Amino acid sequence: MTLPVLILHVSGANRDAEAARACELAGGVPHIVHINQLRAGAFTLSDYGMLILPGGFSYGDALGAGVRQALDLRAYVHDQLHEFIASGKPVLGICNGFQTLVKAGLLPGDPDDENDQKPHGNPVGKRQVTLTYNDSGSFECRWVHLAVDQSTRADFLAKVDQPIFCPVAHGEGNFQVYNREALNRLEQNGLVAFRYIDASGNPAGGRYPLNPNGSVADIAGICNAAGNVLGLMPHPEDHVDPIQNPLGGKGRLGLSLFRAMIDSASG
Amino acid sequence: MATLRIEVTTQSDEGDPWIAGSARRLGVDSLQACRKSHLYFISSHKGESPSTEQLEKLCAFLLVDPVTETAKYSTLQRAETADGPGQHFSGEGVYVIEVALRPGVTDVAARELERGAAELGIRGLEAATATQYRLKGDLSQADLHTLARGLLCNDTIERYSLGPIDPPFGHSSAARDRVDRVHLAGLDEAELLQCSKERMLSLDAQEMKEIQSFYDEIGRAPTDVELETLAQTWSEHCVHKTFKSTIAFTQQSLSGHALQVEEIQGLLQTYIQAATEQVNRSWVRSAFVDDAGIIEFDDQYDLAFKVETHNHPSALEPFGGANTGIGGVVRDIIAVSARPIACTDVLCFGPQDLPQDELPAGVLHPARVADGVVAGIGDYGNKLGLPTVNGAVIYDEGYLGNPLVFCGAVGLLPKGSHPTQPREGDRIVVLGGRTGRDGIHGATFSSAELTQATHMESGSAVQIGDPITEKGLIELVEAARDGQLYNAITDCGAGGLSSAVGEMGEELGADIELQDVPLKYPGLTPWEIWLSEAQERMVMAVPNANLPRLQELADLWDVEMRDLGHFSGDGWLRVRYGGRAVAELPMSFLHDGLPLPRRTAHYPDRQGQVSSLQVPLEQAIAQTDAKEILLQMLSHPSVASKERIVRTYDHEVRGGTIGRPFVGPHMDGPADAAVLKPIGTWSHDRAFALSAGVNPLLGKRDCYAMAVSAVDEAFRNAVAVGADPDRIALLDNFCWGNPTLPDRLGALVRACQGCFDAATAYNAPFISGKDSLYNEFDGQPIPGTLLISAIGLVPDMRKVCTSNLKQPGNIIYLLGETREELGGSLLSHLQELDGGETPSMPSEPLKLYRALHSAMLLGLIQSCHDLSEGGLMVALAEMCIGGRLGARVDIGQVPGNKISHANVLLFSESNGRLLVEVAPRDADGFEATMAGLPIFKLGAVTPTENLVCLYGRLQLFSLPMQELVSAWKGNSVE
């Protein structure tokens, strides 16, 4: 039960080492691989059991968070990435990785639209969700509480039995939808994975700073219809040991998410 | 040639309320709303516009978010873009201002657009970006210019237009190989100085004469490349001549009589390095030799720490100045082969509420400076993935024309992994960003004073950073170090290649070809290439055989690398352009030819100075309402919560932040120091602490006392979170005025003497330091400011202490001696009192700190907080706020030396003091551990949320939590 986990590094990725530590503690075998190595064929995605797109500022987020990395995925690893996802193996995008999956049209994904995930098609024009600038207008670093949405299609989240307490650190984490129907579709199809809550478990209800960025319906993370691609803005990899907890508690570890994903993939 | 213009606007944007608020400050009240759009300009090298299909692709994949944004295209012919009158008015009371970067300023978005287009199969595009502001309101032409200049555009790096801006493509000039000879022969002193001034060399008459006679001897005139190289190498910024010069120092009485005269053979050697030598700590790996100080961390790793300043660039372009300040200090860490793991920042600004009409000409408003600096620090540190964990922000009118930006960085390196000896024949390899005309003359510019005209003259000295290129360097250098691919490494900081190659090749000599330097754009003359301070570049000495392996790593990490020449072994610096030598200098003259100046310093002894005020100090103190003054202190900008700033920095990244900037159940109480656990070292419980001590208010009164207090504060802060007092190293950063003026230099001497006395008293070595001099604006110096930064080993991260009160019923002890020391205190400042004794050296501070540390390791301390600005009451209030718990204390029996009034006990700023919280069950153990030391049982933590202060049976005040919180946090969060 030693799952090989590929942690993808593109220029500007920076929480890859913490993600690797979280994987190790959760029983996986992490391997940080630069996208140039995947391009060159030095490593192949299908040799791994799980993929993580870590946090960071890919290409400095110069044209919007995750935009350039999303294009890289299409241009360089499109086919192997789609095979990986289609095979049902878990993919986790954290912060910049989440932004990338959204901007690439992989989250929440659109199974009805063949065209959606072609490398040089016109998918983004149809994209209905995004991550945009925080309501506060600035980067925010603070700890938040997260609850798993009970209707989520990401089945492995059933093993995350406590809320997760972990930091956010982002300027563009405000989850927004094109219109009300787009939100309804997400909620009705079980594509919402995490929401911001208060310490006692009540919905954040849009209250700042419990909901640190103004995300619609307190959405902190979403998944695809198959439930194997998951993205979230907060950083569960920064709370894998109780000593990291600013309030001194023992539970609510972000590690539980890594355990759940690695266990399900090793299963 | 046709150019496409794409306007991308956020759909539901209600405008930026910050801009309207700032407009009012500028006196423009009629601005109702301001909407911002991104502008992209695209043209093709081949002269054809992209097709509609290509354009749609660019928008869909790179430029427009379909959920939140819309785009508008237009095609521009060059002739149509003239800034005609009336074009800025688009009807319905909406005016347009467009702002673009000046040619040559780093534009990362344009570069990524070009790269992204290439990935989409659209090649040969040239891209540029700009920002459009649509302003609503009844605005006059004059209002629009005021808003543009005062708010939206910084003339140093940007230009603006009312209405459509010319696409900011630039720099189409051809290659320039021009090298001038500068004739110095026969020039008299005045003419030499004139030459130095015209070329912005910042060399004085003696130095110019030395250069003149050198070239007289070899019988030719210097080239401009040589003269620039000498000016850079000999600049205050690079060689620190003030700290090495001989100083005739006179201690004067207040009436100007000489009390004592001494000759000091170099401040650095006499006071700073001498302290390090005297305390002689075995765990110091490198002090004052490398680009950063290095200490031992564990069996496997060492820690490197460096603090730099970036004051003048931040005064002119706050975002870019602070941005590249972080970039620069992080490269200092890379330059000792370490992996950067954390940042610190200490900032000094003018008053944020300064009325616009009191702003001196040529100065950016302090609020604009602060906003830009904070954004610049966050942008760079966050994008590098480094936690910004410790710092301070100080507001004082003395920093109005010359803000201070101290940037620090820490790195981790395996023991013995930093090679420092280039070998003959090693290739000189430059890595990282390309070279442009940015940052020319930074080294000499920082060695001159700011004036009203500096904004216009020194634009080229300011740059914008590109953190992602630097991130690539971090990864590449770590891999190259582990592969042992280089023999020496340094960063391209001030002085650019000239400084990097000149220093690295000091022993061997170097032969270098400037035509091989990768350029951002053509048109740079040889001396500009040589001196450019373009960011994100490192230089390595690489054995020929290792070049292919290094190239592989550079390709992997997307870093550009170029072989420029070799270390020759003949002791000469030879700089070529297209094979032709444009500089030929013996390294010996370059590095040893500088005539060290002899300087004069004097300092008035203020001891015993009588207050000049009508009301005697004692009486004024007695009349002070303690409750009111405490609330005033808590809301003073330098004391109040900095949460609004600090939360814009990522302090969690790398997952090792054990001691955070904010503590307590609401995560908003102030911490004394940061505690960090490096990735890769989780197999043991050792961590390290970072802290700072800085107090310019005190320096205004007595620089010696400032130095002693800064050392004590930094040291005490580190001890307060759990650092071992016998494993703390110090960094000194002096920001001072013009050192050629005896009063400025005299104060600097006193500060250095304080550093020596304090460091030796605490047995703490200085491991690195930096001075930034000539911090003056129009002849007015900043308050001499000494920042002491400390890095200390925390033996057990599970025993780290925080400052918030934990449990009602626990006992609160005051540690250390309180003296009547209100000179230079916050109380004196707020009450505009002059005179009084300044804080002095505590007696046997190390003994107290060692005992406290033992108590912490025994688990006897529930919380701990240091006493600094505002003294006892501010510290106690902060502990209450952090824990949202009250306290009841009685100061009636506090032992005090010559205390004239209760208020002295409350607000005196004596050094060496801390407050600790101890559980009743641990009280005996704690008191036994502290036996024989000055500790005093002050009171207890209470369940009621009031801070109650008694003097015996008399209640001095009782303050409810809400009042404390709102004074300290203002109207910010919660």
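Lettering follows sequence order; numbering is per chain, from 1. Computed over heavy atoms, backbone and side chain alike; hydrogens, waters and symmetry mates excluded. Note that the structure is predicted; figures quoted are calculated from it, not measured.
- With a 4.5 Å cut-off on non-hydrogen atoms, Leu386(B) does not touch chain A at all.
- For chain A, no part of Glu470(B) is nearby; none of its heavy atoms comes within less than 4.5 Å.
- Residue Ala40(A): no heavy atom, backbone or side chain, is found under 4.5 Å from chain B.
- Interface residue Pro167(A): only side-chain heavy atoms are found under 4.5 Å from chain B.
- In terms of non-hydrogen atom pairs under 4.5 Å with chain A, the most contact-rich of Arg660(B), Glu69(B), Lys471(B), Met667(B) is Arg660(B).
- Residue contact with chain B, scored on non-hydrogen atoms closer than 4.5 Å, involves the backbone of Val129(A) exclusively.
- Both the backbone and the side chain of Arg798(B) come within less than 4.5 Å of a heavy atom of chain A.
- Heavy atoms of Thr132(A) lying under 4.5 Å from chain B belong exclusively to its side chain.
- No part of Val168(A) comes within reach of chain B, as not one of its non-hydrogen atoms sits under 4.5 angstrom from that chain.
- Using a cut-off of 4.0 Å between Lys/Arg side-chain N and Asp/Glu carboxylate O, Arg123(B) and Glu114(B) are scored as not salt-bridged.
- Ion pair Arg39(A)/Asp72(A) not flagged as a salt bridge, since none of the NZ, NE, NH1 or NH2 atoms sits closer than 4.0 Å to an Asp/Glu carboxylate oxygen.
- Of the two parts of Leu62(B), the backbone and the side chain both hold a non-hydrogen atom closer than 4.5 Å to a non-hydrogen atom of chain A.
- Within the 4.5 angstrom heavy-atom criterion, atoms from both the backbone and the side chain of Ile243(A) approach chain B.
- Residue with the most contacts toward chain B among Ala70(A), Ser11(A), Gly55(A), Ser138(A): Ser11(A) (heavy-atom pairs, distance under 4.5 Å).
- The candidate from Thr802(B), Ile658(B), Val653(B) with the greatest count of non-hydrogen atom pairs under 4.5 Å with chain A is Val653(B).
- Both the backbone and the side chain of Asn382(B) have a heavy atom closer than 4.5 Å to some heavy atom of chain A.
- Both tests hold for Arg68(A) against Tyr59(A): distance to the six-membered ring centre under 6.0 Å, angle to the ring axis within 45°.
- Contact annotation for Ile679(B): only side-chain heavy atoms (C-beta onward) come within less than 4.5 Å of a heavy atom of chain A.
- Among Tyr40(B), Tyr649(B), Trp557(B), the residue with the largest count of heavy-atom pairs under 4.5 Å with chain A is Trp557(B).
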